[in-house]
Amino acid sequence: MIEVRELKKSFGERVILDQVSLTVPQGTVCGILGPSGSGKSTLLRCVNFLESFEAGEIIIDGEPVGYRSVEGRREPLPRKTIARMRSQCCMVFQQFNLFAHMTALENVSIALIKVRKMPKRSALEAAEGLLGKVGLTHRKDAYPAFLSGGEQQRVAIARALAMQPKVLLLDEVTSALDPERSAEVLDVIADLSREGMTMMMVTHQVHFAREICNQIIFMDGGVIVERGDSSMITDPSSDRLKSFLRHLRLV
Amino acid sequence: MLAEMPNLVPILLSGMQATLILALSTILIGTCVGTVLGCLAVWGGAIIRILLYALVTIARGVPLVVQVFAVFFVLPVYGIQFSAMTSAAIALSVFASLTIMEIVRAGIKAVSHEQYQAALSLGFSFRDALMSIVFPQALRIMIPGLVNQGVFLVKATSVVSLFGVTEFMFVAKEQIERTLLGFEIMAVVWIMYTLICFPLTQLGRTLEARLNVRGAAQAAS
Ligand SMILES: Nc1ncnc2c1ncn2[C@@H]1O[C@H](COP(=O)(O)OP(=O)(O)OP(=O)(O)O)[C@@H](O)[C@H]1O
Ligand SMILES: [Mg+2]
């Protein structure tokens, strides 16, 4: 479903991602671990094409992300194609980023109206259904400022699901939440994985990752240091991952 | 005063009319052009941004009288000649556009970049992201500044009386000199300017209050 090949990305002189390759088959969850600054968010942002990249390619469901090659030359895809690709591969952010001037219901329905050009009435109906799915029907008229962090993040997930994306990108979606709020969000994610949603998930919650991820990738300094299935967390092979996991347990 | 009323009222009204036309056109043009320039100041290239920054620095730094003077007396030197009223409208509109540009620019900047990115991530086009996500939030931030600027512009129209434009202030001065009813006419001038500006401030307050019901949302993230 997602295919990343020899991805390279730098900010100015600094190389942030180097030769990153990975495959996420349909219906599986890929967990991404790594210390701060290792390029995890940047990787997800490239897949969503919120960042450009200099070399390599990303392919989602057979379609290239961001660039195509015309007679051997690499050129950016038309804006429309980029927007369409983004809408099939939605991102959920650490800081929720709900639209502050809209209610929960409006947050979930707006993209259906603006991007999918759905009539307002059916968009609102669909949005209600999705809020129900994340257990927030009773909060549909609340503005983000009046929602708890966990509620905001569940609305944000519903907002992404509204697009019926082929892929969901989750960037430390529980890092800003206390354990209780974080659990309610993780429940939603676990449900999604059971329903067969393809996901890439950056997280520091190794236990959760071990439970739901089919594959885990450990990044450091912009490269993939170790990869494997979820047993990697209990049985790491590289020293770098061992010390990283020891660190996580301490905090 | 009473004896003079039949003469005074039509003259003052015509001056009033000129002031209103000047103020409205200035605010209208200033808001439209200012909005476009504000967007350019955020998303335009480096050269455009530097140019606009230079222009707004001049517009804010140079006294308004001097700016109006430039349009009235410097442009004709280059063979560009307009009627007094048009010159006044041009001078004030340029000033309005540049100052409103700053308000729009700051308003857009104050909406966090993440809001825009979240919209893009859902597949919004640039235009839709601006229209449904960035602008509505920027507007709420901009309202007090816009209302202030609107009121300032209404009052600023009086500057052009110095250049012989027969707006409210100009005819009022003329009538004072003619009738020597200094106190009475000045009182009328005070009241009329206040009356024009009142709806503006009121509109600002209403909008602010209405947006603020939802405005607590601002704190999010
Ligand atoms: N817009 C940018 N301009 C310059 N450097 C950037 C930019 N965005 C990220 N970086 C740098 O890229 C590196 C990787 O950032 P990234 O956010 O991907 O790390 P991360 O693994 O997500 O870290 P964290 O766990 O703290 O979120 C960091 O060193 C960061 O400073
Ligand atoms: Mg990150």
Side-chain angles (χ1 to χ4, degrees), chain A residues 44-45 47-51 79-104 106-117 141-149 151-153 155-156 159-165 168-169 171 176, chain B residues 35 38-40 42-46 103-104 106-146 204-221:
Chain A
L44 288 196
R45 293 169 58 81
V47 175
N48 202 203
F49 206 60
L50 290 175
E51 300 283 358
R79 280 178 172 214
K80 275 222 159 112
T81 316
I82 291 176
R84 183 172 53 79
M85 289 301 285
R86 282 189 182 131
S87 75
Q88 297 174 358
C89 160
C90 295
M91 182 131 168
V92 181
F93 303 87
Q94 181 174 355
Q95 294 300 333
F96 329 131
N97 301 347
L98 289 183
F99 303 131
H101 60 308
M102 294 181 181
T103 62
E106 289 167 337
N107 260 283
V108 180
S109 59
I110 182 76
L112 288 174
I113 297 166
K114 293 291 168 191
V115 180
R116 294 277 188 259
K117 313 285 178 208
D141 294 321
Y143 283 90
F146 300 103
L147 295 170
S148 76
E151 289 171 335
Q152 287 189 56
Q153 194 60 294
V155 174
R159 178 176 72 173
L161 290 178
M163 304 310 287
Q164 300 186 306
L168 207 54
L169 306 170
D171 190 3
Chain B
T35 306
C39 292
L40 281 175
V42 176
W43 290 290
I103 299 172
V104 173
I108 293 174
K109 283 279 187 188
V111 178
S112 78
H113 191 59
E114 280 74 33
Q115 292 279 311
Y116 168 67
Q117 292 236 316
L120 283 195
S121 150
L122 290 167
F124 277 67
S125 65
F126 177 69
R127 202 177 139 265
D128 281 340
L130 289 198
M131 295 311 252
S132 7
I133 308 302
V134 178
F135 282 158
Q137 295 187 61
L139 188 62
R140 171 160 61 213
I141 300 166
M142 284 160 15
I143 283 173
L146 285 178
R205 287 201 174 183
T206 316
L207 279 178
E208 233 176 305
R210 262 196 32 200
L211 292 171
N212 258 334
V213 177
R214 332 203 275 167
Q218 198 67 42
S221 92

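Letters A, B, ... are given to chains in the order of the sequence lines, protein chains preceding strands, and every chain is numbered from 1.
The heavy-atom pair separating Ala160(A) from Leu122(B) by the smallest distance is CA-CD2, 4.1 Å. A pairwise comparison of heavy atoms in Gln137(B) and Ala100(A) identifies OE1-CB, 3.6 Å as the closest pair. Across all their heavy atoms, Lys117(A) and Asp128(B) have their closest contact at NZ-OD2, 4.0 Å.
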Notebook entry, point to check: Between Glu114(B) and Phe93(A), is a side chain to side chain contact (heavy atoms under 4.5 Å, CB included) present by the stated rule, with each step listed?
Noted result: CA-CA 9 Å; Glu114(B) 280 74 33; Phe93(A) 303 87; over 6 Å; no
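Using a 4.5 Å cut-off between heavy atoms, Met91(A) contacts chain B through both its backbone and its side chain. Contacts between Arg84(A) and chain B at a heavy-atom distance below 4.5 Å are absent for every atom of the residue. For a residue to count as touching a neighbouring chain, one of its non-hydrogen atoms must lie under 4.5 Å from one of that chain's; by this rule Arg45(A) touches chain B with the side chain only.
Of the possible donor and acceptor atoms, one in the side chain of His101(A) sits under 3.5 Å from a partner among the backbone N and O of Ser132(B).
Put simply, CZ on Arg86(A) and CD on Gln117(B) are 8.5 Å apart, with the number rounded to the nearest 0.5 Å.
Annotation: side-chain hydrogen bond (donor to acceptor under 3.5 Å, both in side chains) contacts of Arg205(B) (sequence neighbours excluded): none. Every ring pair (Phe, Tyr, Trp, His ring centres under 6.0 Å) that Tyr116(B) has, sequence neighbours left out, goes to His113(B).
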